[in-house]
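Take a look at the structure set out below.
Not measured: the values here are computed from a predicted model. Chain letters run A, B, ... following the sequence lines, proteins first, then strands; residues in each count from 1.
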Number of protein chains: 2
Amino acid sequence: MDPMSSDEPSQPSPNPIPAAAVARLSLYLRELRRLQGAGIEGVSSSQLGGRLGVSSAVVRRDLATLGQLGRRGVGYEIAGLSNRIRAALGADQVWNVALIGTGSLGTALLRYRGFSEQGFRLKAAFDIRPDRIGQSVGGVPVLPLSELEREIKNREITLTILAVPAEAAQETAERLANAGVTGVLNFAPVTLNLRGETCVANVDLASELQQLSFAVVRGLAGS
Amino acid sequence: MDPMSSDEPSQPSPNPIPAAAVARLSLYLRELRRLQGAGIEGVSSSQLGGRLGVSSAVVRRDLATLGQLGRRGVGYEIAGLSNRIRAALGADQVWNVALIGTGSLGTALLRYRGFSEQGFRLKAAFDIRPDRIGQSVGGVPVLPLSELEREIKNREITLTILAVPAEAAQETAERLANAGVTGVLNFAPVTLNLRGETCVANVDLASELQQLSFAVVRGLAGS
DNA sequence: TAGATTGTTAATCGATTAACAATC
DNA sequence: TAGATTGTTAATCGATTAACAATC
């Protein structure tokens with residue numbers, strides 16, 4: 001239930017991965033999957049970086065934080081490298097995920113294929129609207145929000161995607177944290193204030209578009 | 001049509017805004033709007049930062065890059081500050097936006113209220129599926145992708161939201177760039193390679209969830 | 001005036017870049 | 001061996017923090 005607990009010996013002191021590297025590691029993984037799908041088995045730092053707009057030095061440095069994964073003069077073996085990155089990101093374990101709020105955005109996220117491709121398992125959705133409850137969206141059952149705490153426990157949910165209206169986000173997030181959820185991916189355009197150990201990541205769609213318009217105005221092509 | 005052209009004298013040399021500050025400015029704007037809605041007219045750097053998990057020093061530094069906007073001993077006047085941030089982000093002008101790909105994600109984005117609240121105008125959607133074309137989603141007409149170039153020009157579209165399947169993303173993005181679009185917000189989990197002046201911003205939903213799971217594994221609450 | 005808060009400086013921290021010895 | 005590419009170091013760059021004089 002708690003993804004931290006494991007029967008393996010706890011990693012002594014997991015070598016720290018710079019915050020800036022984490023987002024890139026996820027990109028590397030995506031690109032490696034693509035190469036693997038094309039039947040390619042090895043890749044160099046400059047090849048991998050070139051496809052992603054990242055310098056080869058950054059790629060090597062990022063990968064070196066995970067251990068000595070390459071062979072000098074040769075490059076990186078894709079299969080092994082992928083596994084190592086997955087392990088570092090926690091993507092080698094199963095994450096049971098719930099989604100809260102089945103409005104248009106929530107519905108789209110329930111149908112989104114990308115999550116399951118990364119090993120995330122959407123186990124349940126929650127809503128307060130009676131006409132939603134009992135339905136199934138993208139193969140995921142919609143449950144009443146009143147059952148949130150019980151179902152989170154029963155279904156061993158550790159991550160949640162919050163897609164409720166802005167007004168309901170803080171209150172709902174608090175319920176999630178109290179129910180023992182360890183991570184919240186927040187799509188509501190509000191800042192969540194949660195005490196304790198619950199991690200929050202935010203996706204603000206309007207802000208993304210605003211940052212793009214800034215880049216356009218400033219003439220920052222390629223950003 | 002080109003958002004850069006204006007009858008005002010071109011700003012001599014727009015003081016550079018650090019890349020890291022841009023995302024925060026967008027957050028400040030969101031929070032200021034909330035305060036304004038509550039009838040509050042002034043705010044200090046520590047109040048504004050406190051709500052967003054940003055230190056008061058960072059807030060002051062970010063705002064100072066836009067000019068001297070506060071009054072010592074008093075704080076910032078919200079209305080004026082909001083306007084200044086909007087101008088800096090390019091959010092004070094009208095942006096005509098098109099969305100490509102009306103799958104479940106594209107449909108949800110067409111219905112998303114947040115874009116128009118920030119002044120973005122969704123003018124058209126495009127798809128290849130005959131059953132989609134001619135429909136209206138969230139008040140936005142769905143046009144045939146074959147008409148893309150012509151309609152981009154006619155409707156003076158400058159920004160686009162790309163929500164097509166991964167396989168079609170690169171090709172579609174090239175058409176957009178050739179049609180003169182200046183910015184692409186890409187939701188497809190692929191790296192777009194575009195020559196020239198077109199800005200690209202990426203939102204990879206699966207990667208966001210993966211970064212969250214990393215934060216959970218590392219015990220980085222509050223990230 | 002006294003208290004508060006900005007704008008800005010100098011010091012610290014972290015990330016990127018460039019270069020190259022190690023080594024396949 | 002010769003060519004290629006990693007892993008790592010030192011140098012550069014950029015962002016954050018802490019502190020405080022300026023000033024409302």
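Contacts of Arg71(A) classified as salt bridge (charged side-chain N to carboxylate O under 4.0 Å, His left out), with partners at least two apart in sequence or in another chain: none. In this structure, the salt bridge (charged side-chain N to carboxylate O under 4.0 Å, His left out) partners of Glu149(B), at least two apart in sequence or on a different chain, are Arg175(B). By the side chain to side chain contact (heavy atoms under 4.5 Å, CB included) test, Gln36(A) is found to be paired with Ile78(A), Ala79(A), Ser82(A), residues two or more places apart in sequence or in another chain being considered. A search for salt bridge (charged side-chain N to carboxylate O under 4.0 Å, His left out) contacts involving Arg155(A) returns Glu151(A), not counting sequence neighbours. Partners of Ala57(B) according to the side chain to side chain contact (heavy atoms under 4.5 Å, CB included) rule, which considers only residues two or more places apart in sequence or in another chain, are Ser55(B), Arg60(B). Shown here are the side chain to side chain contact (heavy atoms under 4.5 Å, CB included) partners of Arg51(B), two or more places apart in sequence or in another chain: Glu31(B), Leu35(B).
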Distance-only donor-acceptor hits, side chain of residues 185-195 of chain A, under 3.5 Å, sequence neighbours excluded:
unit_1	atom_1	unit_2	atom_2	d
Asn186(A)	OD1	Ala188(A)	N	2.9
Asn186(A)	ND2	Ala188(A)	O	3.1
Asn186(A)	ND2	Val190(A)	O	3.1
Asn186(A)	ND2	Asn202(A)	OD1	2.9
Thr191(A)	OG1	Arg30(B)	NH2	3.2

Residues 16-24 of chain A side chain polar contacts: donor-acceptor under 3.5 Å, at least two apart:
unit_1	atom_1	unit_2	atom_2	d
Arg24(A)	NE	Asp62(A)	OD2	2.6
Arg24(A)	NH2	Asp62(A)	OD1	3.0
Arg24(A)	NH2	Asp62(A)	OD2	3.3

Please tabulate, for the side chains in residues 104-112 of chain A, all donor-acceptor contacts under 3.5 angstrom to protein atoms that are two or more places apart in sequence or on a different chain.
unit_1	atom_1	unit_2	atom_2	d
Thr107(A)	OG1	Thr102(A)	O	3.2
Thr107(A)	OG1	Gly103(A)	O	2.8

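In this structure, Ala19(A) reaches the sugar-phosphate backbone alone: every heavy-atom distance under 4.0 Å involves primed, P, OP1 or OP2 atoms, never a base.
In this entry the distance linking OH of Tyr28(B) with P of dT6(C) reads 12 Å, nearest Å. The CG-P distance, from Asp62(B) to dT6(C), rounds to 13 Å in whole Å.
Ring pair Phe120(B)/Phe115(B) is perpendicular by interplanar angle, where above 60° counts as perpendicular and below 30° as parallel.
For DNA chain C, if you chain together Watson-Crick or G-U pairs that step i with j, i+1 with j-1 and so on, the runs of at least three with distances under 3.5 Å are C:3-24 with D:3-24.
Within residues 31-55 of chain B, the residues approached by DNA chain C to less than 4.0 Å at the level of any non-hydrogen atom are Ser44(B), Ser45(B), in residue-number order.
Summary of the strand contacts: Arg24(A) and Val74(A) both lie near DNA chain C, and taking for each the nucleotide with the nearest heavy atom, the more 5' one is attributed to Arg24(A).
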Treat primed atoms plus P, OP1 and OP2 as sugar-phosphate and everything else as base, then score nucleotides 7-14 of chain D 5' to 3': B for base contact with protein heavy atoms under 4.0 Å, S for sugar-phosphate contact only, - for none.
-> BSB-----

